[in-house]
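Beneath this line is the structure, given in structure tokens, with notes to follow.
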Amino acid sequence: AGQACLAADRRRLPGAQVAGDDSGASRPVDERRSLKHSSRRRPEVPPLARVAQIRGDRVIHFKNYDPAVPGPEGQENLARFVRQGGGAVLVHFACGAFQEWPEFVQLAGRVWDPKLRGHDPHGTFRVDIVDSKHPITQGFPAFEVTDELYTCLAGDPPITVLATAVSKVDQKTYPMAFVLPYGQGRVFHSVLGHDVKAFSTPAVGELFRRATAWAAGLPPVAEAASSP
């Protein structure tokens with residue numbers, strides 16, 4: 001069976017199980033409202049620091065502005081899971097997590113640098129596929145999305161860039177999705193996914209669906225009934 005965890009910022013993916021470090025009080029109002037009216041009861045989940053072994057059926061949500069959460073033990077739990085052959089999928093501002101943890105850039109490949117310009121104004125832009133041979137993006141067409149075009153990533157671990165976009169502000173090309181190994185594990189990192197509208201773009205959902213399968217060691221085949 002494949003194993004993957006998914007690291008996102010404070011916006012949840014619908015229906016996902018979560019092992020993480022967010023308290024209900026810190027959730028945005030719209031998220032608390034959606035949970036309140038959800039027909040599915042949210043399962044109780046332990047903090048990442050107390051998870052001795054991350055299970056393959058969990059989604060890891062680890063963006064938290066408190067450097068004490070999850071703390072060194074929780075960070076090592078995540079790193080060990082991926083190093084030992086697990087998969088990680090990082091979504092949007094997950095790049096800004098764990099700023100106090102030097103090892104995080106090795107796992108994430110690129111991380112948020114607060115000294116850089118954060119992103120273009122929220123709007124529509126084109127995402128180009130630059131590696132059509134990778135299993136995630138094989139046969140994947142370019143697409144447009146209304147999102148935040150991040151320009152703030154820094155780091156030097158070797159990565160394989162899968163998709164890019166050109167900033168309308170400075171006309172430079174920036175990575176929108178890339179992969180890298182971490183120990184025996186696989187990491188997919190994409191800065192797309194600012195909000196529900198971004199994920200409502202079929203190509204974005206398909207990209208993350210394929211990426212999660214790949215990170216879990218499963219074939220990231222395209223859905224037969226739809227195309228990106």
Side-chain angles (χ1 to χ4, degrees), residues 1-9 13 16 56 59-60 78-79 81-95 97 104-112 119 124-167 172-194 198-228:
Q3 296 187 85
C5 61
L6 190 151
D9 66 4
L13 298 183
V59 170
I60 308 304
L78 176 63
F81 170 78
V82 183
R83 279 199 308 264
Q84 293 178 350
V89 178
L90 279 67
V91 183
H92 197 54
F93 197 54
C95 64
F104 183 55
V105 68
Q106 301 300 320
L107 189 153
R110 298 291 183 271
V111 295
W112 174 57
H119 53 76
T124 302
F125 56 91
R126 175 187 170 99
V127 177
D128 292 303
I129 304 303
V130 296
D131 189 342
S132 60
K133 295 182 180 180
H134 192 277
I136 295 174
T137 45
Q138 186 173 16
F140 211 101
F143 60 91
E144 288 195 341
V145 62
T146 301
D147 206 330
E148 292 176 334
L149 195 163
Y150 269 32
T151 59
C152 55
L153 297 184
D156 54 18
I159 61 173
T160 298
V161 178
L162 304 183
T164 62
V166 177
S167 166
K172 294 181 180 179
T173 300
Y174 294 92
M176 294 292 104
F178 53 89
V179 296
L180 68 150
Y182 183 74
Q184 298 178 8
R186 294 175 170 182
V187 178
F188 172 86
H189 188 166
S190 175
V191 291
L192 299 175
H194 171 67
F199 276 104
S200 297
T201 303
V204 174
E206 174 70 358
L207 180 66
F208 279 107
R209 190 192 66 79
R210 293 191 192 185
T212 304
W214 174 84
L218 303 173
V221 294
E223 288 185 310
S226 64
S227 59

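In this structure Ala108 satisfies the side chain to side chain contact (heavy atoms under 4.5 Å, CB included) test together with Leu90, Phe104, Val111, His189, sequence neighbours excluded. Residues passing the side chain to side chain donor-acceptor pair (under 3.5 Å) test with His134: none are found, sequence neighbours excluded. For Arg83, the side chain to side chain contact (heavy atoms under 4.5 Å, CB included) test picks out Glu76, Ala79, Arg80, Tyr182, with sequence neighbours left out. Among residues two or more places apart in sequence or in another chain, the side chain to side chain contact (heavy atoms under 4.5 Å, CB included) test is passed with Pro135 by Trp214, Pro220. Taking the side chain to side chain donor-acceptor pair (under 3.5 Å) definition, one finds that Ser132 meets it with nothing, sequence neighbours left out. Scanning for side chain to side chain donor-acceptor pair (under 3.5 Å) contacts around Thr124 gives Thr146, with sequence neighbours left out. For Arg110, the side chain to side chain contact (heavy atoms under 4.5 Å, CB included) partners two or more places apart in sequence, or in a different chain, are Leu153, Pro157, Ile159, Phe178.
Under the 6.0 Å cut-off for aromatic ring centres, Tyr150 and His92 qualify, their centroids lying closer than that.
To the nearest 0.5 Å, the span separating CZ on Phe140 from CG on Leu162 amounts to 10.5 Å. Taken from OG1 in Thr164 to NZ in Lys172, the straight-line distance is 15.0 Å, to the nearest 0.5 Å. Taking CG of Leu107 as the start and CG of Leu180 as the end, the distance is 7.5 Å to the nearest 0.5 Å. Summarising the geometry, atom CZ belonging to Phe93 is positioned 12.0 Å from atom NE2 belonging to His194; distances are rounded to the nearest 0.5 Å. The OH atom of Tyr174 lies 13.0 Å from the NE2 atom of His119; values are rounded to the nearest 0.5 Å.
Between the side chain of Ser190 and the backbone N or O of Leu192 there is at least one donor-acceptor pair closer than 3.5 Å. Between the side chain of Arg210 and the backbone N or O of Ile136, at least one donor-acceptor pair lies under 3.5 Å.
Looking only at side-chain heavy atoms (C-beta outward), Val127 and Val145 come within less than 4.5 Å of each other. Considering only heavy atoms from C-beta on, Met176 stays 4.5 Å or farther from Asp147 through its side chain. Contact check for Phe143 versus Val204: side-chain heavy atoms found under the 4.5 Å cut-off.
Residues Asp128 and Arg126 are paired through a salt bridge, judged by an N-O separation under 4.0 Å between the basic side chain and the carboxylate.
Residues Ala163 and Ile129 approach most closely at CB-CD1, 4.1 Å, considering heavy atoms.
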